[in-house]
Amino acid sequence: MKTKPLDMLLRALTWCCAAITCAVLLYLVGYILVQGIPFIKPSLFALAYNSENVSLLPALVTTVLTVAASLLVAVPFGVFAAIYLVEYARRGNRLVRLVRVTTEALAGIPSIVYGLFGWLFFVVWLGWGLSLLAGSFTLAIMILPLIMRTTEESLKAVPDSYREGAFGLGAGRLRTVFRIVLPAASPGILAGVVLAIGRIVGETAALIYTAGTVAQIPASPLASGRTLAIHMYALSSEGLHTGQSYATAVILLAVVIGINALAASAAKRIATR
Amino acid sequence: MRRNDTAKRRAYRESAMRLVFLLSALAAILAVGLICVFLFAGGIPAIGKIGVFQFLLGQEWSPSDIPPAFGIFPMIIGSLYVTTGAILFGVPIGIFTAVFLAKVCPKPLYKAIKPAIDLLAGIPSVVYGFFGIVVLVPLVRNTFGGNGSSILTASILLGIMILPTIINVTESAIRAVPDELYEGAVALGASHERAVFGVMLPAAKSGVMAAVVLGVGRAIGETMAVKMVAGNQALLRMPNEFLKGVRTLTANVVIEMGYAEGLHREALIATGVVLFVFILLINLLFSALKREGK
């Protein structure tokens with residue numbers, strides 16, 4: 001059978017567009033790696049930042065602190081909320097529907113709006129100032145829908161026979177949840193947490209007016225500090241340290257690639273189980 | 001007696017934890033409530049003081065003049081331009097790539113491309129913005145002239161950034177179409193392409209629309225990457241001035257929030273409110289489309 005010209009055109013377009021998508025990614029990652037790796041020097045990891053070494057170590061430490069603090073707030077709330085929605089609430093409950101609508105609304109809010117809210121509420125109203133604490137709480141609200149949704153899906157994927165078995169052996173609802181259901185759902189929850197870490201590491205707009213841009217390791221939770229992404233934003237808008245910007249981009253990309261690999265392997269563990 | 005005691009304690013613990021779980025579920029509602037209350041309380045008074053029409057349709061934004069002017073119309077139009085541009089670049093490429101992944105791609109290749117698209121979704125917006133500064137801005141400057149920081153540059157960059165959203169949502173929409181449709185079309189003599197583009201894609205229409213709407217939401221809300229490449233002049237541009245710079249709603253907030261005081265600061269929060277309302281409308285449209293798809 002002869003192929004019609006329109007079919008040929010559509011086939012060519014499909015292949016072309018897929019090729020463009022991959023080429024853009026390869027070019028972006030490749031360009032930044034090639035330009036940035038020569039600038040990764042020991043001085044970039046000096047203990048304290050000054051305008052001579054432009055060290056990214058304080059930013060790296062601040063990033064780790066921010067991730068830890070945000071998860072500490074968001075994970076319990078997110079997981080407990082999902083437990084309520086899946087294990088306790090009746091199906092089609094009005095409250096469940098309301099929670100679902102609000103979580104979807106939360107997930108769609110742009111990060112700059114979170115930044116404005118964080119500034120208004122945590123920085124000004126609660127008087128925390130530009131601080132690690134204010135930044136982390138803002139991010140905690142931002143990742144809450146992600147944690148809730150992934151936990152909900154993993155809890156729903158646990159077969160009901162597990163629960164019936166536990167109840168049959170005389171376990172209460174609470175014990176069933178914590179001893180049987182949660183362990184079985186943990187790889188999925190973990191994948192959600194890893195994705196949340198990725199969002200925190202990449203976030204700038206929500207942090208710049210909540211955690212601030214001080215380039216040193218914050219001395220207390222109420223001190224300001226910049227994460228890696230903010231560090232990179234500051235460097236590239238100053239325009240003085242292009243080399244170090246490239247190097248910071250390389251570190252950020254490496255973190256993101258690592259996080260994606262982790263999330264994929266967690267997802268694979270669920271699939272093979 | 002003792003047994004009775006443990007049973008009581010257990011019942012107490014059960015109901016206490018149930019309450020904890022319930023309160024956690026309410027946290028999301030509380031968060032949305034707080035966000036609405038604080039944003040609107042912070043922004044609405046400024047809109048009142050400036051005047052709704054002067055604020056939304058005023059063409060001049062000059063906060064440090066005496067008297068100051070707070071018109072965000074140029075920024076609303078700016079957001080509209082870059083979002084439209086992003087859709088023009090991102091949607092066709094995204095849809096064709098999604099068709100490729102769902103219906104054309106050989107399996108080994110799929111295993112390589114899918115993680116690549118997830119990676120594209122995970123790259124931080126500052127890295128995109130930086131890539132825009134070092135690659136796209138010079139490219140646009142050398143190819144089309146102007147200084148490179150322009151509506152066009154921001155549109156291309158945003159088009160790339162919304163690709164993963166468009167691709168993933170469209171791909172699952174196409175996969176949700178029953179195979180019988182494809183087989184029926186082929187049995188009637190349609191070619192593979194005809195069956196995919198003439199039957200499968202129209203059947204997945206509401207999913208594809210949802211993908212576009214989600215992409216619009218991403219593009220309007222994107223801040224840092226756009227701010228880094230768009231030039232940020234708070235001027236009203238005509239569509240044929242796509243090689244000139246423009247400022248979006250998001251960029252307006254992030255650029256001036258650092259030093260704004262008084263009414264200027266409130267006007268920036270009000271800019272955030274306008275953005276928030278746009279996003280809520282887009283979300284409503286998205287959930288309506290999703291419900292239609294089911």
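Throughout, a chain's letter reflects where its sequence line sits, starting with A, and its residues are numbered from 1. Quick caveat: nothing in here was measured; it's all calculated off a predicted structure.
Of the two parts of A/L13, the backbone and the side chain both hold a non-hydrogen atom closer than 4.5 Å to a non-hydrogen atom of chain B. Of the two parts of A/F137, neither the backbone nor the side chain holds a non-hydrogen atom closer than 4.5 Å to a non-hydrogen atom of chain B. For A/A205, the parts lying near chain B are the backbone and the side chain together; criterion is any non-hydrogen pair under 4.5 Å. The parts of A/L120 that come within reach of chain B are both its backbone and its side chain, each placing non-hydrogen atoms under 4.5 angstrom from that chain. Both the backbone and the side chain of B/V126 come within contact range of chain A, each with at least one heavy atom under 4.5 Å from a heavy atom of that chain. Heavy atoms closer than 4.5 Å to chain A are found in the side chain of B/I167, but not in its backbone. In this structure, the portion of B/F197 lying under 4.5 Å from any heavy atom of chain A is its side chain and not its backbone. Only the side chain of A/I32 comes within contact range of chain B, judged by heavy atoms closer than 4.5 Å. Proximity to chain B (any heavy atom under 4.5 Å) is shown, for A/E104, by both the backbone and the side chain. With a 4.5 Å cut-off on non-hydrogen atoms, A/Y31 touches chain B through its side chain but not through its backbone.
Between the B/E14 side chain and the A/L174 main chain, a donor and an acceptor come within less than 3.5 Å of each other. Of the possible polar contacts, one joining the A/Y209 side chain to the B/V254 backbone as a donor-acceptor pair under 3.5 Å is found. Side chain of A/D7 to backbone of B/S191: no donor-acceptor contact under 3.5 angstrom is found.
Minimum heavy-atom separation, A/G202 to B/P124: CA-CB, 3.5 Å. The two atoms that bring B/A31 and A/I141 nearest to each other are CB-CG2, 3.9 Å, heavy atoms only.
Within the 4.5 Å cutoff, no side-chain heavy atoms of A/F80 are placed close to those of B/L22. At a threshold of 4.5 Å between non-hydrogen side-chain atoms, the residues A/T21 and B/F96 do not count as touching.
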* Asked: side-chain contact (heavy atoms from CB on, under 4.5 Å) between B/I269 and A/W119: does it pass, once the steps are laid out?
  -> CA-CA 10 Å; B/I269 297 165; A/W119 183 83; 4.2 Å; yes
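Atom CD1 of A/I259 and atom CG of B/L119 lie 11.0 Å apart (nearest 0.5 Å). Once rounded to the nearest 0.5 Å, the distance linking CH2 of A/W125 with CG of B/L34 reads 8.0 Å.
Between A/Y246 and B/F130, the ring centre distance stays below 6.0 Å.
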